[in-house]
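Working notes, structure below.
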Amino acid sequence: MRFRTRLMITSVTIVILPLVMTLIAFLLIGRVLVFGNRAFTLGQTFDYKMVADMGSTFQTMTDEIFERVMDDMEETPDILEHRDYLDSISEEINFKTSFILVRKDNEIFYVSDEEYEDEIFDILPPYEDAENAISNIYYTSTGQLLRQLDFKFQDGSNGSLFIITSVKTFVSSKMWIYMIIAMIIILLLTSIMMTNWIKKTIMKPVDDLNIAMQHIKEGNFDYVLPIDLDEKGEIGELYRSYDDMRLRLKESAEEKIEREHQNKELISNISHDLKTPITAIKGYSQGLIEGIADSPEKREKYIRTIFNKANDMDNLINELTLYSSIDNNRIPYNFQKINVATYFGDCIEEIGMDLDSKNIKLNYSNLTTPDTIIVADAEQLKRVINNIVSNSVKYLGREDGTGVIDIRLLDELDSIRVEIEDNGIGIAQKDIQNIFDRFYRTDLSRNTKKGGSGIGLSIVKKIIEDHGGYIWATSHEGEGTCMHFVLRKYADDPEKPETDTVAQEA
């Protein structure tokens, strides 16, 4: 529920509820007071004006009845001697807790409420010696209100028609006292009810949110607010915003911890991978200096070893530089149209010479059409192929000359798929989903012959994804591993120029 709606409900309730409860209190208190004075039975209808404004209501009622009676007497002079007529008047004023009494000389001719007959008769005012005279309102010593109409019976006797109300005069004052008390109680109840409602619907959620923010301040991102997040209005929006913030902060904290762990692992890996070639370079250099390499063949071997170790260090540094660019999302790309057959043919020729020197057989097949074109960065795509092949060579585990690497190009309508497969040691199924993660290595013992920083395949994945493609791996332990990556074909667009060389930052 929105704050505006809550405020409207509060405003309306503060006004309407006390009014309704005051009216109910008035009706109940009036009925109780009148019933307490035996003015009527609970089954009767009661005119509450007789309690709220007794004097004016009684005067208005008697004026109307006396005027009608005098009009009826002009037509029927003995109308007040007819009991059915008197009964009708009695029924008319009964709901106003009043009754009538007709006196003939000094005797009661008719009374509609015999309960008050003995109590009221002796204090009735005398006949005024004026026919059809209407008296003022009398307050009797017993607390009733009465009014008198004098007339003559047909036999010449003096007659008086009295209208008497059985609501005593102290009822009005008591009514106001009770009503004031009732209104105070009603206002207090309304205040308590609205305060509790506001506290429950506004203050408590704010307090809960404050507690939740304290948990965030202390680094506890698992604290969940104890409220239904489907709640509408500002409170629900505020809680959902808090929950989104909590989840993002939690994710950010977890990423920070993971990044710190990765950085520590990177430093450890680099320290290990740099120590090996540096130790070798120092050892072979010392051998040259001290004359241990005392023949031209030994000196050449030492120098070549130093050169190879220096190349390993240079490759590692280049890989770290590229990793830094990836980490900052700033790899420079120079996209251009490339003929698949020509480009991969040149790559295979270069790779084949290197593999041949390592006694590894290379098989190559191209099932794409000769005119197949892709848009790619030639240098970065070559890095992808070299990294994958280098990784395959590293984990072949075949020193007997039976190592084989197959490179296949497959046509898939609007894209090409490149498969690079080896017959090496393979990758365990538990590791296959993680090999593209940064710093992940399956050889936890860090065999120095295999080495590596563990970021090569993460670089490969990044480059392929920046080309709009995707990469995955399949493997069976003891049988080998196959890397698959897909690149989109170039779609000829007559509105574009023939060359499409783009320098892009990922």
Side-chain angles (χ1 to χ4, degrees), residues 322-323 325-326 329-352 355 362-392 404-423 426-427 429 432-438 455-476 479-506:
L322 184 61
Y323 164 74
S325 298
I326 287 178
N329 206 29
R330 295 183 63 84
I331 301 179
Y333 290 106
N334 183 21
F335 290 105
Q336 49 188 266
K337 292 187 291 184
I338 296 175
N339 182 279
V340 171
T342 302
Y343 178 79
F344 277 90
D346 293 340
C347 288
I348 295 303
E349 184 177 349
E350 182 179 337
I351 293 171
L355 294 181
L362 174 64
N363 297 323
Y364 170 67
S365 62
N366 180 9
L367 301 182
T368 64
T369 59
D371 59 347
T372 300
I373 303 292
I374 60 173
V375 175
D377 183 314
E379 182 180 352
Q380 300 297 347
L381 186 57
K382 185 177 180 180
R383 186 186 301 275
V384 168
I385 298 170
N386 287 338
N387 277 8
I388 295 176
V389 172
S390 175
N391 218 51
S392 295
V404 178
I405 294 178
D406 293 322
I407 298 179
R408 297 182 292 271
L409 303 183
L410 306 177
D411 195 312
E412 295 190 341
L413 298 177
D414 59 347
S415 61
I416 66 166
R417 185 172 73 190
V418 181
E419 296 181 347
I420 302 177
E421 185 176 9
D422 62 62
N423 62 342
I427 303 172
Q429 290 302 311
I432 196 71
Q433 299 299 324
N434 303 315
I435 61 173
F436 296 104
D437 295 343
R438 296 179 185 180
I455 61 175
L457 290 181
S458 67
I459 293 174
V460 166
K461 181 181 179 183
K462 174 66 175 175
I463 294 173
I464 292 297
E465 289 179 347
D466 287 347
H467 278 70
Y470 52 95
I471 185 170
W472 73 98
T474 56
S475 182
H476 297 281
E479 297 181 12
T481 301
C482 184
M483 294 287 179
H484 313 257
F485 64 87
V486 174
L487 296 171
R488 292 197 303 267
K489 290 181 182 178
Y490 171 72
D492 192 14
D493 189 344
E495 295 183 0
K496 290 187 177 181
E498 287 297 320
T499 59
D500 188 13
T501 302
V502 182
Q504 173 179 327
E505 291 186 356

Rounded at 0.5 Å granularity, tell me how far [atom1] in [X] sits from [atom2] in [Y].
X: I463; Y: I471; atom1: CD1; atom2: CD1; value: 10.0 Å
X: L381; Y: C347; atom1: CG; atom2: SG; value: 7.0 Å
X: N334; Y: Q380; atom1: CG; atom2: CD; value: 10.0 Å
X: E419; Y: I407; atom1: CD; atom2: CD1; value: 11.5 Å
X: T481; Y: I420; atom1: OG1; atom2: CD1; value: 12.0 Å

Sequence-distant partners of Y364, ring pair (Phe, Tyr, Trp, His ring centres under 6.0 Å), two or more places apart:
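Listed in chain order: nothing, the list is empty.
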List for me each residue that meets ring pair (Phe, Tyr, Trp, His ring centres under 6.0 Å) alongside H476, sequence neighbours excluded, and say none if there are none.
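H476 satisfies ring pair (Phe, Tyr, Trp, His ring centres under 6.0 Å) with no residue once adjacent residues are dropped.
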For [X], side-chain hydrogen bond (donor to acceptor under 3.5 Å, both in side chains) partners two or more places apart:
X: R488; result: none
X: D406; result: N363
X: E349; result: none
X: K461; result: none

Between [X] and [Y], what is the shortest heavy-atom contact and its length?
X: P370; Y: A341; value: O-CB, 4.4 Å
X: F436; Y: L457; value: CD2-O, 3.6 Å
X: Y490; Y: V375; value: CD1-CG2, 3.4 Å
X: L487; Y: H467; value: CD2-CB, 3.9 Å
X: A473; Y: I435; value: CB-CD1, 3.7 Å

V404 backbone acceptor or donor facing E421 side chain under 3.5 Å:
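The answer is no, because no donor-acceptor pair under 3.5 Å joins these two groups.
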Name all residues meeting the side-chain contact (heavy atoms from CB on, under 4.5 Å) criterion together with T368; count only those two or more places apart in sequence or in a different chain, and write none if there are none.
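Result, side-chain contact (heavy atoms from CB on, under 4.5 Å) vs T368: V340, N366, T372, L409, D411, I416.
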Please identify each residue that fulfils side-chain contact (heavy atoms from CB on, under 4.5 Å) with S365, with sequence neighbours left out.
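Checked S365 against side-chain contact (heavy atoms from CB on, under 4.5 Å); matches are R408.
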Throw together a table of side-chain donor-acceptor distances under 3.5 angstrom for residues 384-392, partners on residues two or more places apart or in other chains.
unit_1: N386; atom_1: ND2; unit_2: K382; atom_2: O; d: 3.4
unit_1: S392; atom_1: OG; unit_2: I388; atom_2: O; d: 3.1
unit_1: S392; atom_1: OG; unit_2: D422; atom_2: OD2; d: 3.0

Salt bridge (charged side-chain N to carboxylate O under 4.0 Å, His left out) pairs, two or more places apart, involving residues 366-380
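Checked against salt bridge (charged side-chain N to carboxylate O under 4.0 Å, His left out) - neighbours excluded - no pair reaches residues 366-380.
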Is there side-chain contact between F485 and V460, with at least one heavy-atom pair below 4.5 Å?
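Answer no - side chains too far apart.
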Check whether any side-chain heavy atom of V486 sits under 4.5 Å from a side-chain heavy atom of W472, and report yes or no.
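Yes, their side chains come closer than 4.5 Å.
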